[in-house]
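Read through the structure below, which is laid out as structure tokens, and then see the notes.
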Protein chains: 2
Amino acid sequence: MFSKATEYALRATIYIAKQGTEEKKISIEEISKAIDSPQSFTAKILQLLTRDNKVVSSVRGPNGGFFLTEKAKNLPVRAILQAMEEDQLLEKCVLGLKLCSELQPCPMHAQYKTIKQQLIKLFVTKTIRQLADDTLEGAVFINNKKPRKK
Amino acid sequence: MFSKATEYALRATIYIAKQGTEEKKISIEEISKAIDSPQSFTAKILQLLTRDNKVVSSVRGPNGGFFLTEKAKNLPVRAILQAMEEDQLLEKCVLGLKLCSELQPCPMHAQYKTIKQQLIKLFVTKTIRQLADDTLEGAVFINNKKPRKK
DNA sequence: ATAAATAAAGATAACTTTGTCTTTATTTAT
DNA sequence: ATAAATAAAGACAAAGTTATCTTTATTTAT
């Protein structure tokens with residue numbers, strides 16, 4: 001569905017939101033290890049997310065790193081997609097038509113539309129904080145590690 | 001959502017199913033013009049769809065071209081995705097995790113799952129014939145032309 | 001002030017996808 | 001048989017994505 005870059009962006013942001021605060025910033029090394037992503041590539045992606053501190057905030061130097069403000073944690077997950085410029089994907093015609101609307105629908109339009117609407121709703125109503133909280137509680141995961149037997 | 005190649009595959013197959021029969025085959029030139037796709041690239045894609053006549057059938061030489069058997073027209077749209085090897089996309093974790101299941105879900109899993117199920121259902125229950133018939137009736141479209149005023 | 005730790009920026013490489021062009025094989029009509 | 005029309009196959013090119021490495025800028029601690 002999304003590009004690798006956006007997948008890493010989503011996982012990295014959730015991890016930072018979960019582990020970090022303005023007082024406890026997270027280094028790129030920790031992030032990429034935690035989410036199983038290539039470190040330098042992830043650094044590049046975080047540069048997009050920190051543009052104008054839109055989603056992620058960062059500080060350089062010792063004890064620097066990444067964090068999300070409390071305000072940023074309340075952003076919808078869609079804000080990550082927007083920062084990655086992969087937001088239009090949610091609106092796109094499934095057959096790739098430039099023109100696909102109620103007036104001139106593609107053959108999948110009517111039925112795909114309702115699925116798209118649910119997708120959009122999901123990304124708009126879910127906040128970064130909600131995802132991070134779930135992860136903190138250990139109910140869900142954002143790495144590729146095999147589950148440990150209880 | 002899908003690659004360009006798969007978008008062209010979907011549009012081309014629908015067009016062939018709509019316009020062609022075993023008696024009236026459709027040339028790659030006509031197809032690519034009708035669906036607004038690059039001709040040579042579309043030819044390559046149709047080679048994938050004609051492998052073992054899985055979805056599309058073809059004949060070379062004068063009056064040759066592409067068509068779908070009546071049987072092929074009854075295939076689910078998902079058969080096109082399978083031929084394009086883009087079928088796994090419907091099952092993939094939205095965060096790109098290799099491991100994402102009920103046992104070890106990503107933070108989006110529970111809610112994304114229901115959307116995925118609807119997507120799969122759509123591609124499994126819709127047949128190529130249904131899409132082609134809708135298009136024939138002029139209710140829906142598979143090109144990028146501006147709608148004509150009535 | 002200096003050194004160390006960190007992210008930002010930039011250059012580049014590897015790989016994939018998309019697209020084009022040329023040659024070959026097959027089929028039909030004459 | 002030959003020529004023409006078509007798809008198939010293969011080589012290549014262009015563009016985009018993913019990934020790495022090096023250098024620079026910033027911040028902190030000493």
Side-chain angles (χ1 to χ4, degrees), chain A residues 1-13 15-16 19-20 22-33 35-68 83-86 88-89 96, chain B residues 1-13 15-16 19-20 22-33 35-68 83-86 88-89 96:
Chain A
M1 171 133 215
F2 296 119
S3 65
K4 286 270 178 208
T6 294
E7 289 174 356
Y8 298 149
L10 289 164
R11 306 220 298 269
T13 305
Y15 183 79
I16 298 166
Q19 294 295 338
E22 182 138 15
E23 285 70 45
K24 177 167 167 284
K25 304 180 199 81
I26 315 291
S27 73
I28 182 62
E29 187 183 359
E30 177 180 345
I31 296 164
S32 58
K33 277 180 181 154
I35 67 170
D36 300 304
S37 69
Q39 181 169 327
S40 296
F41 190 41
T42 309
K44 281 271 176 271
I45 291 162
L46 284 174
Q47 284 176 30
L48 296 175
L49 294 172
T50 51
R51 286 278 163 77
D52 317 312
N53 285 345
K54 261 195 318 243
V55 177
V56 178
S57 304
S58 70
V59 174
R60 299 199 257 199
N63 302 314
F66 299 90
F67 66 98
L68 267 75
M84 298 300 295
E85 296 185 349
E86 208 152 10
Q88 12 37 291
L89 190 145
Chain B
M1 170 134 215
F2 297 119
S3 65
K4 285 274 177 208
T6 293
E7 290 174 356
Y8 298 150
L10 290 164
R11 307 221 298 269
T13 304
Y15 183 78
I16 298 166
Q19 293 295 337
E22 183 138 14
E23 285 70 45
K24 176 166 168 283
K25 306 181 197 80
I26 315 291
S27 74
I28 182 62
E29 188 185 358
E30 177 179 343
I31 296 163
S32 59
K33 276 180 182 156
I35 68 169
D36 299 305
S37 69
Q39 181 168 327
S40 295
F41 190 41
T42 309
K44 281 270 177 275
I45 291 161
L46 284 174
Q47 285 176 30
L48 296 175
L49 295 172
T50 52
R51 286 277 162 77
D52 319 312
N53 284 346
K54 260 193 321 236
V55 178
V56 178
S57 305
S58 69
V59 174
R60 297 200 256 198
N63 302 314
F66 298 90
F67 66 98
L68 267 77
M84 297 301 294
E85 296 184 348
E86 209 153 333
Q88 9 39 287
L89 189 146

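Quick note: numbers below take in every heavy atom, side chains included, and nothing from hydrogens, waters or symmetry partners.
At a cut-off of 3.5 Å, with distance as the only test, no side-chain donor of T42(A) or S32(A) sits close to an acceptor on the other residue.
Nucleotides of DNA chain C nearest to G61(A) and K44(A) differ in position, and the one nearer the 5' end is that of G61(A). Heavy-atom distances to DNA chain D give each of Q39(A) and N63(A) a nearest nucleotide, and the one nearer the 5′ end belongs to Q39(A).
The distance from atom CE of M84(B) to atom P of dT17(C) is 11 Å, rounded to the nearest whole Å. Atom CD of Q47(B) and atom C1' of dT20(C) are 14 Å apart (whole Å).
The NZ atom of K25(B) sits 6.0 Å away from atom CZ of F67(B), with the distance rounded to the nearest 0.5 Å. Annotation: the span from L68(A) atom CG to Y15(A) atom OH amounts to 13.5 Å, rounded to 0.5 Å.
Shortest non-hydrogen contact noted between L49(B) and A83(B) is CD2-CB, 3.6 Å.
Boundaries of the chain B contact region on DNA chain D are dA4(D) to dA11(D), first to last in 5' to 3' order (nucleotide atom under 4.0 Å from a heavy atom).
Applying the side chain to side chain contact (heavy atoms under 4.5 Å, CB included) test between Y8(B) and each of L46(B), T13(B), I45(B) identifies I45(B) as the sole match.
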Report task. Could you check K24(B) against Q19(B) for side-chain contact (heavy atoms from CB on, under 4.5 Å), going step by step and ending with a plain yes or no? Result -> CA-CA 8 Å; K24(B) 176 166 168 283; Q19(B) 293 295 337; 4.0 Å; yes

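If you check every strand for non-hydrogen atoms under 4.0 Å, A43(A) touches nothing. If you check every strand for non-hydrogen atoms under 4.0 Å, S27(A) touches sugar and phosphate atoms only. Residue I26(A) is classed as a sugar-phosphate contact, given heavy-atom separations below 4.0 Å to backbone atoms only.
Dense packing is recorded around CD of Q39(A), with more than 12 heavy atoms of other residues, nucleotides or ligands lying under 6.0 Å away.
Base-pairing analysis of DNA chain C finds the following stems of at least three consecutive Watson-Crick or G-U pairs, with both pairing distances under 3.5 Å: C:1-30 with D:1-30.
For the side-chain hydrogen bond (donor to acceptor under 3.5 Å, both in side chains) test, residues two or more places apart in sequence or in another chain that qualify with E29(B) are K33(B).
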